[in-house]
Trainee: 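Once you've had a glance at the structure underneath, I'll fire off some questions.
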Amino acid sequence: MKVTVIGSGYVGLVTGACLAQTGNHVVCLDVDAAKVAQLQAGHVPIHEPGLEAMVRANAAAGRLRFTLDAADAIGHGRILFIGVGTPPGEDGSADLQHVLAAARTIAQYLIGPAVVVNKSTVPVGTADRVKAVIEAGLAERQIDYPVAVVSNPEFLKEGAAVDDFLRPDRIVLGSEDESALQLMRTLYAPFNRNRERIQVMDARSAELTKYAANAMLATRISFMNELAALAEQVGADIEQVRRGMGSDERIGTHFLYAGAGYGGSCFPKDVRALLHTGREHGLQLGVLEAVQAANARQKRVLVQKLERRLGPLAGRTIALWGLAFKPNTDDLREAPSLVVIEELLERGASVVAYDPVAATAARAQLHDKAGITIVDDAYAALDGADALVIITEWREFRTPDFEQIRSRLRQPLIIDGRNLYEADEMAAQGLVYEGVGRPSTRS
Ligand SMILES: NC(=O)c1ccc[n+]([C@@H]2O[C@H](COP(=O)([O-])OP(=O)(O)OC[C@H]3O[C@@H](n4cnc5c(N)ncnc54)[C@H](O)[C@@H]3O)[C@@H](O)[C@H]2O)c1
Ligand SMILES: O=c1ccn([C@@H]2O[C@H](COP(=O)(O)OP(=O)(O)O[C@H]3O[C@H](CO)[C@@H](O)[C@H](O)[C@H]3O)[C@@H](O)[C@H]2O)c(=O)[nH]1
């Protein structure tokens, strides 16, 4: 099939590459000239395992190309995906300017009947708005092609985006247009494992499903972070509690890890947007308000632990391992590391940070901040530091050289925001260790 994807970010690029991989002819449109030039040269501007190889292979096979030319891209596809950003506005609502601009572009250049598929995370009712914008634009051109709008929220996780797209838990299709749905079923057939992954519903329910899923996952994390604080007070171990809870099938084991707070481009903004939708309809979503407040507190917990151990942090040097909001990505959006850095600098500490993949992105973002150095070697970050704080659970941090950690730190203190190690093993290594919600070493 001929497919157009508007927006070549995490969602658009993965969608385009994976649909090309299953034999479709895909044209990706973006407004960012530098990004399009990079993609045309075979370079994927984000760190996402497996994506660059897939993009190159499909471009070489003539099934995937990138363009800035809207007439070219919109003229190509019978199915047109929208995968542009919906960042938070000042009041927390999802800013729809890019989605509505994409709809206007479609209206301006469409050359025949089309199915428009919205993959961006958007408030309930946006499919109707997109349809209205396209119909108004077509009316201005005095043409009347039938256009169906399908809501098809995306559930991929960064760092596992290709895998998630190829093997989705579910494919949600929100539409009541049978012929559009039939086309979508055919397009998604290669990803519809056991023919049981596709769920058809109305567009409003599809739009709300996306926010509901992210809000539930964020709720689980905040709940566990709050319980971790309680576990510390009562002398329990949140890791044992997690295992005990998670083995109940009704609860399940995923997304129950206490840590440094949730970050990324989705949970924080989507929780905010859902709260805003609630307010718009006169509803206070109290559970979700608490989830958001707990997360804001959690992002400060590691610095509080440092202060309890070291006293005032002015003049101290703190080593940080991990800057990305999670492993396997170089994305820093809403990363807990940014809050930790801000809090440390505010207190007059200096920071030496290491991240295996996000260092370049972090240098670009933090270059104007005095007091932070980003180094390219995990152990070099430790030299002369008063403590090591672990914020992202990169695989290479799971079994480090503890002897080097102990000898290179000025004080052998590890504050671990991802509960990677055991306190008794750390004590045996001569390290003072504190995780989140877990027993610590004594001194
Ligand atoms: N990042 C994720 O893991 C993820 C997962 C699921 C859903 N989502 C949702 O998908 C949407 C996109 O997220 P993302 O992370 O891919 O964003 P992104 O910022 O990485 O990419 C968006 C792209 O759209 C382009 N763009 C903006 N306006 C455009 C226009 N009018 N025409 C063409 N291109 C345009 C931008 O230049 C950018 O390259 C958001 O609504 C997000 O909430 C994201
Ligand atoms: O038990 C857990 C699991 C995750 N996190 C944190 O939660 C954040 C988000 O992690 P994750 O969900 O893995 O990453 P995202 O790429 O942001 O993916 C989420 O947001 C996407 C955009 O909407 C959705 O498509 C995905 O389904 C949803 O998982 C990160 O900071 C994690 O460190 C925890 O603290 N504890």
Side-chain angles (χ1 to χ4, degrees), residues 4-16 28-36 38-39 45-46 48 66-68 70 73-74 80-88 94-106 108 118-123 126 152-161 164-165 168-170 207 210-211 213-218 220-225 228 242 246 253-271 273 295 298-299 322 324-329 331-337 391-393 417-419 436:
T4 296
V5 182
I6 306 176
S8 303
Y10 286 88
V11 166
L13 192 52
V14 171
T15 301
C28 293
L29 173 71
D30 206 287
V31 289
D32 180 335
K35 190 178 272 191
V36 170
Q38 256 185 303
L39 288 165
I46 51 175
E48 195 56 65
F66 301 93
T67 184
L68 279 169
I74 306 299
L80 299 112
F81 280 89
I82 300 177
V84 299
T86 47
D95 180 348
L96 289 179
Q97 62 166 311
H98 303 302
V99 171
L100 299 178
R104 281 193 295 275
T105 305
I106 292 171
Q108 198 176 346
N118 181 52
K119 268 210 165 297
S120 298
T121 302
V122 293
T126 303
N152 170 219
E154 178 52 58
F155 298 97
L156 63 79
K157 300 181 291 297
E158 288 182 23
D164 284 348
F165 194 98
D169 291 333
R170 75 300 213 185
E207 288 165 339
K210 172 66 198 178
Y211 283 107
N214 275 359
M216 171 57 94
L217 294 169
R220 285 167 70 97
I221 297 168
S222 274
F223 179 74
M224 291 308 284
N225 284 334
R242 180 184 64 76
T253 52
H254 297 295
F255 279 73
L256 285 184
Y257 289 88
Y262 61 76
S265 68
C266 293
F267 287 176
K269 102 171 153 52
D270 293 348
V271 167
N295 196 55
Q298 196 66 18
K299 287 184 170 178
F325 83 93
K326 62 184 275 191
N328 294 325
T329 180
D331 198 342
L332 292 164
R333 288 180 282 184
E334 306 254 7
S337 65
I391 308 191
T392 317
E393 67 277 32
R418 297 295 170 185
N419 289 340
V436 177

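Sequential numbering from 1 along the given sequence is applied to the chain's residues. In each ligand, atom 1 is the first atom listed, and ligand 1 is the first ligand listed.
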Trainee: Would you find more than 12 non-hydrogen atoms of other residues, nucleotides or ligands less than 6.0 Å from Phe155 atom CZ?
Mentor: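 It does: Phe155 CZ has more than 12 such atoms within range.
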Trainee: Look only at the side chain of Ser120 and the backbone of Val84, and say whether a donor-acceptor pair between them is shorter than 3.5 Å.
Mentor: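 Checked: pair present.
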Trainee: State whether the side chain of Glu48 and the backbone N or O of Ala161 hold a donor-acceptor pair below 3.5 Å, judged by distance alone.
Mentor: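 Answer holds: yes.
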Trainee: Are the side chains of Pro123 and Tyr211 in contact, using a 4.5 Å heavy-atom criterion?
Mentor: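 Yes, their side chains come closer than 4.5 Å.
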Trainee: Look at the side chain of Arg242 and the backbone N and O of Met224, then say whether any donor-acceptor pair between them is shorter than 3.5 Å.
Mentor: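 Not at all, since once roles are kept as given, no pair shorter than 3.5 Å links the two residues.
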Trainee: Keeping Lys299 on the side-chain end and Glu334 on the backbone end, is there a donor-acceptor pair under 3.5 Å?
Mentor: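 Flag set: sc Lys299 to bb Glu334 pair under 3.5 Å.
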Trainee: Taking Arg333 for the side chain and Gly264 for the main chain, is one N or O donor matched with an acceptor at less than 3.5 Å?
Mentor: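 Not confirmed, Arg333 side chain does not pair with Gly264 backbone.
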Trainee: Less than 4.5 Å apart, any side-chain heavy atom of Glu154 and any of Phe165?
Mentor: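 Yes; the side chains approach each other to less than 4.5 Å.
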Trainee: Determine the minimum heavy-atom distance between Leu256 and Gly246, stating which atoms define it.
Mentor: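 So the minimum-distance heavy-atom pair works out to CD1-CA, 4.0 Å.
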Trainee: Using a 4.0 Å cut-off on heavy atoms, what residues surround ligand 2? Order them by chain and number.
Mentor: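 Shell around ligand 2 (4.0 Å, heavy atoms): Glu154, Phe155, Leu156, Lys157, Glu158, Lys210, Asn214, Ile221, Phe255, Leu256, Tyr257, Tyr262, Gly263, Cys266, Phe267, Asp270, Phe325, Lys326, Arg418.
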Trainee: For ligand 1, output the ligand-protein N/O contacts shorter than 3.5 angstrom; if there are none, return none.
Mentor:
unit_1	atom_1	unit_2	atom_2	d
ligand 1	1 (N)	Glu158	OE2	2.9
ligand 1	3 (O)	Glu158	OE2	3.4
ligand 1	16 (O)	Tyr10	N	3.0
ligand 1	16 (O)	Val11	N	2.9
ligand 1	20 (O)	Tyr10	N	3.4
ligand 1	37 (O)	Asp30	OD1	2.6
ligand 1	39 (O)	Asp30	OD1	3.4
ligand 1	39 (O)	Asp30	OD2	2.6
ligand 1	39 (O)	Lys35	NZ	2.6
ligand 1	41 (O)	Thr86	OG1	2.5
ligand 1	41 (O)	Thr121	N	2.9
ligand 1	43 (O)	Thr121	OG1	3.3
ligand 1	43 (O)	Lys269	NZ	2.6

